[in-house]
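See structure below.
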Amino acid sequence: MDDKLTIIFNYKKAIQEANDLMEVSNNIRKIATGKLNESIQAIDSNWEGENSIKFITKSRMLQKKIENSADYIEIISDSIKEMAKNIYNTEMENIQIAETRTS
């Protein structure tokens, strides 16, 4: 069984890693909804014809896949936070039980 400081350290580290993943998710989403969307709109404004429509359609599909990836990363981040909290609570309860038994 780990000591309290180790449990707290590991919990904070897990939360920080989850927050880093959330930042990655947000950055990916900004690229998909910002820069990629601007590029698609510029192409739509400046390119006409059948190939333009095909390219824009594929670009929108790619944009949706990127947004879905950002959503998935966010779900992973939330799951890590939830699991870290559950482990933290369980470990602290175990320490409390052990301390009660030894006193």
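Computed from heavy atoms alone, side chains included, the values below leave out hydrogens, waters and symmetry copies. Along the sequence shown, the residues carry numbers beginning at 1.
Rounding to the nearest 0.5 Å places CG of Asn94 at 11.0 Å from CG of Asn89. The distance from atom OG of Ser59 to atom CD of Gln41, rounded to the nearest 0.5 Å, is 12.0 Å. With rounding to the nearest 0.5 angstrom, the CD1 atom of Ile95 is 11.5 Å from the OG1 atom of Thr90. With rounding to the nearest 0.5 angstrom, the CD1 atom of Ile73 is 11.0 Å from the CG atom of Asn68. Atom-to-atom distance recorded for Lys35:NZ and Ser39:OG is 9.5 Å, nearest 0.5 angstrom. With rounding to the nearest 0.5 angstrom, the OG1 atom of Thr33 is 9.5 Å from the CD atom of Glu38.
Both Ile40 and Trp47 belong to a single network of hydrophobic side chains, linked directly or stepwise wherever heavy atoms of I, L, V, M, F, W or Y lie under 4.5 Å apart. In the hydrophobic clustering of this structure, Phe9 does not group with Ile80; members are Ile, Leu, Val, Met, Phe, Trp, Tyr whose side-chain heavy atoms approach within less than 4.5 Å, directly or through other members. Following chains of ILVMFWY side-chain contacts shorter than 4.5 Å, one cannot reach Ile66 starting from Met22, and the two form parts of different hydrophobic clusters. Hydrophobic clustering, with ILVMFWY side chains joined whenever heavy atoms are under 4.5 angstrom apart, keeps Ile31 apart from Val24. Under the 4.5 Å side-chain heavy-atom criterion for grouping Ile, Leu, Val, Met, Phe, Trp and Tyr, Leu62 is not connected to Ile53 through any hydrophobic cluster.
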Before you tell me yes or no, could you show the steps for Glu50 and Lys54 under salt bridge (charged side-chain N to carboxylate O under 4.0 Å, His left out), namely the whole-Å CA-CA distance, both residues' side-chain angles and the distance that decides it to 0.1 Å? CA-CA 6 Å; Glu50 186 177 327; Lys54 289 178 183 178; 3.3 Å; yes
Check the pair Glu91, Tyr11 against side-chain contact (heavy atoms from CB on, under 4.5 Å), reporting the backbone distance first and the verdict last. CA-CA 10 Å; Glu91 290 291 332; Tyr11 173 71; over 6 Å; no
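In this structure the side chain of Lys85 reaches within 4.5 angstrom of the side chain of Tyr88, judged on heavy atoms. Side-chain contact between Lys4 and Glu99 is present, with at least one heavy-atom pair separated by less than 4.5 Å. For the pair Gln96/Thr100, a side-chain contact is recorded, criterion being any heavy-atom separation below 4.5 Å from C-beta on. For the pair Ile8/Met92, a side-chain contact is recorded, criterion being any heavy-atom separation below 4.5 Å from C-beta on. Under the 4.5 Å side-chain criterion, counting only non-hydrogen atoms from C-beta, Ile15 is in contact with Lys81.
With sequence neighbours excluded, no residue forms a side chain to side chain donor-acceptor pair (under 3.5 Å) with Glu93. Looking at residues two or more places apart in sequence or on another chain, you find a side chain to side chain donor-acceptor pair (under 3.5 Å) between Gln16 and Asp20.
Judged purely by atom type and a 3.5 angstrom limit, Ser25 has no side-chain atom pairing as donor or acceptor with the backbone of Leu21. Within the 3.5 Å criterion, the main-chain N or O of Ala98 finds a donor-acceptor partner in the side chain of Thr102.
Across all their heavy atoms, Ala18 and Ser77 have their closest contact at O-OG, 2.7 Å. Smallest separation of non-hydrogen atoms from Ala32 and Gln63: O-NE2, 2.6 Å.
Under a 4.0 Å N-O distance rule, the pair Glu74/Arg29 qualifies as a salt bridge.
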